[in-house]
Amino acid sequence: MTKPQDKLRGWAAARRTILSGLRFTSLRLRLVVVFGLVALTAAVSASGIAYWLNREAVLTRTQDAVLRDFQQEMQNRAGVLPESPTQDELQHTAGQMAASSQRFSVLLVAEDGSGRTVVGNSGALDTFSLADVPKSLRTAVGRQQSITANNKSPYHLYWQRIIDGDKPYLVAGTKVIGGGPAGYMLKSLEPEEKDLNSLAWSLGIATGLALIGSALLAQAAATTVLKPVQRLGIAARRLGEGKLDTRLRVSGTDELADLARTFNHTAEALETRVADMSARDEASRRFVADMSHELRTPLTAITAVTEILEEELDAETGSIDPMIEPAVKLVVSETRRLNSLVENLMEVTRFDAGTARLVLDNVDIADQITACIDARAWLDAVELDAERGIMSLLDPRRLDVILANLIGNALKHGGSPVRVSVRVSDNGAGADLLIEVQDHGPGIPEDVLPHVFDRFYKASASRPRSEGSGLGLSIALENAHIHGGEITAANSPKGGAVFTLRLPRDPSALTETPAEPNGANVDGESA
């Protein structure tokens, strides 16, 4: 059956993999986008310039041909009309002019013999009329220019491009020199516009193809560049997971190959350093363990002697010389302290070696705390706020060690009464057990708070010798960690120190295996 913690770890690993893939995809996407933007900018710029140049060339070529033909028709046909032509003559001449190869509409305007304005229309392009000619163009055509050395003609040819009904047209006009009708021409540019639209579509398709091609090239470049980076990331993660023998395959002489070589050299140096440190750490742990075991044998004999001496001190006969009684009391006290230190060192060695295990049992927390307080005769100094029936799966012996250290530390360095409260908190992933131990002392100095769980740490240098060893709170913290919990220290706003033990109520991810028969003695020395 799959445990909840296994599901959580599997989900976390899957999330890390997905996020890693998204980060890699994001880098690939940025590279593709940059390539695409560069290609798009280049293609749009080239297409825009090409379209503008072709547009001007097409329109200029058509315009020049039409104007040249219109000017020639004005000279050859309108120029032979009488000075005061009739409307029929204008109509006939306009029809002849419109029959030229350019196929434009013609409008001729003149005055007949009676001074009345007559108009001749070729009849094409929806009966081209004078209203279709822009007023500015009519004004320019009718304006007579001064004859100068640089201007030998009083009238000129004027033209203008207009839009009528979403269709482009070229309109031009001039007047016969020497007296005669004014002529206007209207030419549709719709065929040229269709050609230019086709060109624009072609350039747009070419731009799209260039963009797609650049994206494919960027994808290929990204694969070439980012594949080694991906391998480097995988190798770095494996290295972070403790697989120090991880190495990268090096090929080529580029910067990525240099990076792979550097990674391999770094991994090799790290593996050597970690192996050396592990060997030294193992030797140090073995030394502490061996020393603790070696000390236990003489300590057993010394403890037996001190027990006899203590019995003699308590005897009514007073068989011990009063002169040496203080020395005997000191020997008894220091022997107990040394015995506690050896037991604590052995417990710390188990935690460092990773051999500490849990013996899980479903216990009533209120009963467990009461038993801990009663066994140490703290009933008068401790207030318990805990409902019966709060069950939790944990190691009773290790919980007793944690509680004894926290409560003993509060009684020794805080002030009674010490209040122990129990409650259940929902952290979103499951229920947690919270046990708070609060004293009524002066609290913990702010500079000491970060170090209260450090081994052998004592807040005051003026009391280097005490009943404790400075290992009690660190052992309590290690016992909380092996349950999957945590201990935090803080100062209460109302005064006094507060130690909060947080434990999961069902640490099912932990393996229930036999633990060592020797437990750590209570040691409240910390702050």
#### Entry: Working for side-chain contact (heavy atoms from CB on, under 4.5 Å), residues N405 and N409
CA-CA 6 Å; N405 275 288; N409 188 78; over 6 Å; no

### Query
Rounded to the nearest 0.5 Å, how far does CD1 of I482 lie from CG of L358?
4.5 Å

### Query
Does the side-chain contact (heavy atoms from CB on, under 4.5 Å) test come out yes or no for V420 and L406, once each step is laid out?
CA-CA 10 Å; V420 180; L406 295 181; over 6 Å; no

### Message
Between E436 and R423, does the salt bridge (charged side-chain N to carboxylate O under 4.0 Å, His left out) criterion hold? Intermediate values first, please.
### Response
CA-CA 9 Å; E436 290 186 353; R423 69 178 188 272; 3.1 Å; yes

### Taking every non-hydrogen atom, the tightest pair across L477 and F453
CD2-CB, 3.8 Å

### Query
How many angstroms lie between atom CG of L196 and atom NZ of K194, to the nearest 0.5 angstrom?
12.5 Å

### Message
What's the separation between atom OG1 in T370 and atom CG in L384, rounded to the nearest 0.5 Å?
### Response
5.0 Å

### Query
Any side-chain heavy atom of V359 within less than 4.5 Å of one from R397?
no

### Task
Give a yes or no answer on whether the side chain of D400 reaches the backbone of P396 with a donor-acceptor pair at less than 3.5 Å.
no

### Query
Considering residues at least two apart in sequence or located in another chain, which fulfil the salt bridge (charged side-chain N to carboxylate O under 4.0 Å, His left out) criterion with D258?
R261

### Query
Sequence neighbours excluded, which residues qualify as side chain to side chain donor-acceptor pair (under 3.5 Å) partners of R161?
Q63

### Message
Let's go through I487 and L473 carefully: what are the C-alpha distance in whole Å and the side-chain angles of both, what is the deciding distance for side-chain contact (heavy atoms from CB on, under 4.5 Å) to 0.1 Å, and is it a yes or a no?
### Response
CA-CA 9 Å; I487 303 178; L473 289 180; over 6 Å; no

### Task
Examine distances only and state if a side-chain atom of D432 and a backbone atom of S425 form a donor-acceptor pair shorter than 3.5 Å.
no

### Message
Donor-acceptor check, side chain of D395 to backbone of L360, threshold 3.5 angstrom: yes or no?
### Response
no

### Task
For E486, look at atom CD and say whether over 12 heavy atoms of other residues, nucleotides or ligands are found less than 6.0 Å away.
yes

### Set of side chain to side chain contact (heavy atoms under 4.5 Å, CB included) partners for D385, sequence neighbours left out
R419, S421

### Task
Any chance you could measure T246, atom OG1, to E241, atom CD, to the nearest 0.5 Å?
8.5 Å

### Task
Mind checking side chain to side chain donor-acceptor pair (under 3.5 Å) for E383 and listing every partner two or more places apart, or none if nothing turns up?
none

### Query
Hey, are the side chains of N491 and E446 touching, using non-hydrogen atoms and a 4.5 Å cut-off?
yes

## Note on the structure
So the salt bridge (Lys or Arg N to Asp or Glu O under 4.0 Å) pairs with at least one residue in residues 270-279 (sequence neighbours excluded) are R247-E271, D276-R280

### Query
Which heavy atom of F499 sits nearest a heavy atom of A489, and at what distance?
CE2-CB, 3.6 Å

## Note on the structure
All heavy atoms of L501 vs all of A480, minimum pair found to be CD1-CB, 3.8 Å

### Minimum heavy-atom distance between A476 and I402, given as atom pair plus value
O-CG1, 3.6 Å

### Message
According to side chain to side chain contact (heavy atoms under 4.5 Å, CB included), who are the partners of S47, at least two apart in sequence or on a separate chain?
### Response
L203, T207

### Query
For the side chain of D361 and the backbone of V363, is there at least one donor-acceptor N/O pair under 3.5 Å apart?
no

#### Entry: Pairwise distance OG1(T272) to CE(M277) - rounded to 0.5 angstrom
13.0 Å

### Query
Residues two or more places apart in sequence or in another chain: which of them pass side chain to side chain contact (heavy atoms under 4.5 Å, CB included) with N54?
A50, L199

### Task
Could you tell me which residues satisfy salt bridge (charged side-chain N to carboxylate O under 4.0 Å, His left out) with R238, sequence neighbours excluded, listed by chain and number?
none

### Query
With a cut-off of 6.0 Å (strictly less than), are more than 12 heavy atoms of other residues, nucleotides or ligands near CG of D166?
no

### Task
Take L379 and D374 through the side-chain contact (heavy atoms from CB on, under 4.5 Å) test and state the conclusion after the steps.
CA-CA 6 Å; L379 288 175; D374 186 45; 3.4 Å; yes

#### Entry: Minimal non-hydrogen separation, V250 against A257, with atom names
CG1-O, 3.9 Å

#### Entry: All side chain to side chain donor-acceptor pair (under 3.5 Å) counterparts of Q368, not counting sequence neighbours
none

### Query
So, for L411 and A381, which heavy atoms are closest and what is the spacing to 0.1 Å?
CD2-CB, 3.7 Å

### Task
Applying side chain to side chain contact (heavy atoms under 4.5 Å, CB included), name anything that partners L270, two or more places apart in sequence or on another chain.
L239, L244, V274

### Task
Measure the CG-CD1 distance between L503 and I365 for me, rounded to the nearest 0.5 Å.
7.5 Å

### Query
Who pairs with T500 by side chain to side chain donor-acceptor pair (under 3.5 Å), at least two apart in sequence or on another chain?
none

